[in-house]
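Just so it is clear, the structure is predicted and the values come from calculations on it, not from any experiment.
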Amino acid sequence: MENITQVTTFVFSGLTDNEKLLPFLFIFFLFIYLLTIMSNIGIIALVCNTSRLHSPMYYFLSCLSLVDIFYSSVITPKMFSDLISVRKVISFNGCALQFFFYAALGGTETFLLSAMSYDRYIAVCHPLHYMSVMTNMKCLWMVIFSFSTGFFQSAVQTSCAFSLRFCGSNLIDHFYCDIPPLLKLSCSDTFYCTIVTIYTVGVLTISSLMTILLSYLFILASVLRMRSTESRKKAFSTCSSHLLCASIFFVTIFITYLHAPSSVFTSQDKVASIFYSAVTPMLNPLIYTLRNQQVKRIIAQVVHSPHTKGLENVEDIRR
């Protein structure tokens, strides 16, 4: 019987081989990470402390910000240490944990974006029934479903990938643990694990994307039936922030994962992965802050009169 030694550590190839770029990359990603943490914490604090934002839309937004805080923290701090280290090492168990939380939080964000699109559909297409449909209990169950489904699909992928044998090279051609480069290192038959991954990611993304597309098709049909230009503009303004965030998120997923497999990760693959894992969590709160008029007005009020409390009304909730 052949003597096989299981790999206990993995080594990342890193972002670049150009050592002159490392100081710049460290400062650049440190700035992005700090901005991500501060902006998402700011969104959560603003929603929690402003009565006019105690609505389903901003409840989902605060949950999305919470996910983005942890999502960016799964990969970015390790990337910082690797940028200043000669040898970019991670243990087998550490790699499994990194991928588990990365996939779990990514899946959770996908379903949260779907829940937010359903919320916008009810707000635009059924405004008179909005408060009776989007109850606090229903919103809570939608968030619980998003987290439980995200973590369940991640557990399936992680248990499948890390039950394989890794007995050859331990060099991961990436800057974090992900399924495609890991499967290329395995000395086991990876067919079953590949099918599980494709099926899990496919069902996750397609179901969420179809929910978002159908919601916005109904929203578009409803907006086109509106006679008032002002009503159309208001309807589009309530949806534009979420639609932009969802578009960026899914486009980066498609660029990262939906391409022909190759034996190595190209620089374009790594750039797409950076955008997907580090930049997107920073963009979500910025987009909602810059494109949402209600949030901008409340921030201005907080800055100019921090002790003034807004009055909550039905129109604010629907917005």
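Inter-residue side-chain proximity for Ile84 and Phe26 is flagged as met; some heavy-atom pair is nearer than 4.5 Å. In this structure the side chain of Val201 reaches within 4.5 angstrom of the side chain of Gln157, judged on heavy atoms. Here the side chains of Val143 and Leu112 are in contact, with some heavy-atom distance below 4.5 Å. Using a 4.5 Å cut-off on side-chain heavy atoms (C-beta onward), Val133 and His126 make no contact.
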**OP:** Could you walk me through whether Tyr58 and Leu61 pass side-chain contact (heavy atoms from CB on, under 4.5 Å), step by step?
**Re:** CA-CA 5 Å; Tyr58 296 104; Leu61 177 59; 3.9 Å; yes
Original post:
side-chain contact (heavy atoms from CB on, under 4.5 Å) between Tyr102 and Cys177: does it pass, once the steps are laid out?
Top reply: CA-CA 9 Å; Tyr102 165 75; Cys177 292; over 6 Å; no
**OP:** Apply side-chain contact (heavy atoms from CB on, under 4.5 Å) to Phe249 and Thr110, showing your working.
**Re:** CA-CA 8 Å; Phe249 184 78; Thr110 303; 3.3 Å; yes
**OP:** In sequence, state the C-alpha distance, the side-chain angles, and the governing distance for Asp68 and Glu109, and then conclude on side-chain contact (heavy atoms from CB on, under 4.5 Å).
**Re:** CA-CA 8 Å; Asp68 281 335; Glu109 181 157 346; 2.6 Å; yes
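A distance-only check finds a donor-acceptor pair linking the side chain of Ser62 to the backbone of Tyr59 [under 3.5 Å]. Within the 3.5 Å criterion, the main-chain N or O of Ser13 finds no donor-acceptor partner in the side chain of His174. A distance-only check finds no donor-acceptor pair linking the side chain of Thr149 to the backbone of Ser146 [under 3.5 Å]. Not a single donor-acceptor pair under 3.5 Å links the side chain of Thr50 to the backbone N or O of Arg52. No donor-acceptor pair closer than 3.5 Å links the side chain of Ser91 to the backbone N or O of Thr9. Using a distance-only test at 3.5 Å, with no hydrogens or angles considered, no donor-acceptor pair links the side chain of Thr200 to the main chain of Thr197. Under a 3.5 Å cut-off, the side chain of Thr76 and the backbone N or O of Ser73 do not form any donor-acceptor pair. Side-chain atoms of Ser163 come within 3.5 Å of backbone N or O of Cys160 as a donor-acceptor pair.
Counting all heavy atoms, side chain and backbone alike, Ala115 lies closest to Met142 at CB-CE, 3.5 Å. Across Cys125 and Phe218, no two heavy atoms sit closer than the pair SG-O, 3.5 Å. Scanning both residues, Lys78 and Val89, for their nearest heavy atoms gives NZ-O, 2.6 Å. A pairwise comparison of heavy atoms in Ile37 and Ile69 identifies CD1-CG2, 3.8 Å as the closest pair. A pairwise comparison of heavy atoms in Ala103 and Gln153 identifies O-NE2, 2.9 Å as the closest pair. Pairing each heavy atom of Ala161 with each of Ile179, the nearest pair is CB-CD1, 3.3 Å.
Atoms CG and CG, from Leu21 and Leu83 in turn, are 10.5 Å apart once rounded to the nearest 0.5 Å. Interatomic distance, CG of Asp119 versus OG of Ser114, reported as 12.5 Å (0.5 Å rounding). Taken to the nearest 0.5 Å, the NZ atom of Lys184 stands 12.0 Å off from the CD1 atom of Ile172. To the nearest 0.5 Å, atoms OH (Tyr33) and OG (Ser72) are separated by 5.5 Å. Distance check: Leu35 CG to Leu286 CG gives 5.5 Å after rounding to the nearest 0.5 Å. Atom-to-atom distance recorded for Cys193:SG and Ile198:CD1 is 10.0 Å, nearest 0.5 angstrom.
In summary, the aromatic rings of Phe70 and Phe101 are positioned with their centroids too far apart to meet the 6.0 Å limit. For Tyr176 and Phe12, the ring centers sit 6.0 Å or farther from each other. Aromatic rings of Phe100 and Phe151 (six-membered ring for Trp) have centroids within the 6.0 Å cut-off, being under it.
With sequence neighbours excluded, no residue forms a disulfide bond (SG atoms under 2.5 Å apart) with Cys245. Partners of Gln98 under the side chain to side chain donor-acceptor pair (under 3.5 Å) rule, at least two apart in sequence or in another chain, do not exist in this structure.
Summarising the local packing, CG of Asn136 is surrounded by 12 or fewer heavy atoms from other residues, nucleotides or ligands at distances under 6.0 Å.
Taking the six-membered ring where the residue is Trp, Phe166 and Phe162 present tilted rings, their angle falling between 30° and 60°. The aromatic rings of Tyr118 and Tyr121 sit tilted relative to each other, their planes meeting at an angle between 30° and 60°.
If you run side chain to side chain contact (heavy atoms under 4.5 Å, CB included) between Leu164 and each of Leu182, Thr190, Asp189, Leu185, only Thr190 comes through. The side chain to side chain contact (heavy atoms under 4.5 Å, CB included) with Thr36 is formed by just one residue from the set Ser65, Pro285, Pro281; it is Pro281.
Linking ILVMFWY side-chain heavy atoms closer than 4.5 Å, directly or via other members, places Val156 and Ile206 in two distinct hydrophobic clusters. Residues Phe28 and Ile75 are members of one and the same hydrophobic cluster, defined by side-chain heavy-atom contacts under 4.5 angstrom among Ile, Leu, Val, Met, Phe, Trp and Tyr. Ile212 and Leu220 fall within a single hydrophobic cluster, where Ile, Leu, Val, Met, Phe, Trp and Tyr side chains are chained together by heavy-atom contacts under 4.5 Å. Hydrophobic clustering places Leu140 together with Val47 (ILVMFWY residues linked when any side-chain heavy atoms are closer than 4.5 Å, directly or through intermediates). Using a 4.5 Å cut-off between side-chain heavy atoms of Ile, Leu, Val, Met, Phe, Trp and Tyr, with links allowed through other members, Phe111 and Leu113 fall into different hydrophobic clusters.
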